[in-house]
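Below is one structure; the comments refer to it alone.
These numbers were taken from a predicted model, which means no experiment stands behind them.
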Amino acid sequence: MSIDLNAFNKFFIDYQQRFVHSACTYVHDEAVAEDFVVESMMYYWENKDRLSADTNIPAYVLTTIKHKCICAINKSIRMLLTK
């Protein structure tokens, strides 16, 4: 288990800033982007046993981040339209 955790920590360190930068291109708020990255990384970690062995993990996490960003944008638009 500690080997998995060490691998996850290395993955997090290696990709965090890239993922935050990518999320910022959608939400234009670094704090929100950082939250989405951490949430997406945790989602991956909690569900890693369900993924197939050949899953491209960075792409999987980035897709999760993108989905969170798009949902947040859509929520903001809906809130603006209902005012």
Main chain of [Y], side chain of [X]: is a donor-acceptor contact present, judged purely on distance under 3.5 Å?
| X | Y | result |
| --- | --- | --- |
| Thr63 | Ala59 | yes |
| Arg50 | Glu46 | no |
| Thr55 | Leu51 | no |

For a 4.5 angstrom cut-off between non-hydrogen side-chain atoms, does [X] reach [Y]?
| X | Y | value |
| --- | --- | --- |
| Phe8 | Met41 | yes |
| Ile57 | Tyr15 | no |
| Tyr44 | Lys48 | yes |
| Val61 | Phe11 | yes |

Rounded distance [0.5 Å steps], [atom1] in [X] versus [atom2] in [Y]:
| X | Y | atom1 | atom2 | result |
| --- | --- | --- | --- | --- |
| Leu81 | Ser76 | CG | OG | 10.5 Å |
| Phe19 | Ile65 | CZ | CD1 | 5.0 Å |
| Leu5 | Trp45 | CG | CH2 | 5.5 Å |
| Asp29 | Glu34 | CG | CD | 9.0 Å |
| Thr25 | Lys66 | OG1 | NZ | 9.5 Å |
| Gln17 | Ser22 | CD | OG | 12.5 Å |

> Are Leu62 and Phe36 grouped together when hydrophobic residues (ILVMFWY) are joined by side-chain heavy atoms under 4.5 angstrom apart?
Replying inline: no

> Do Tyr26 and Ile77 sit in the same hydrophobic cluster, where Ile, Leu, Val, Met, Phe, Trp and Tyr count as joined when their side-chain heavy atoms come under 4.5 Å apart?
Replying inline: yes

> Would the number of heavy atoms belonging to other residues, nucleotides or ligands and lying under 6.0 Å from OH of Tyr60 be above 12?
Replying inline: yes

> Is it true that atom CD of Glu30 has more than 12 heavy atoms of other residues, nucleotides or ligands lying nearer than 6.0 Å?
Replying inline: no

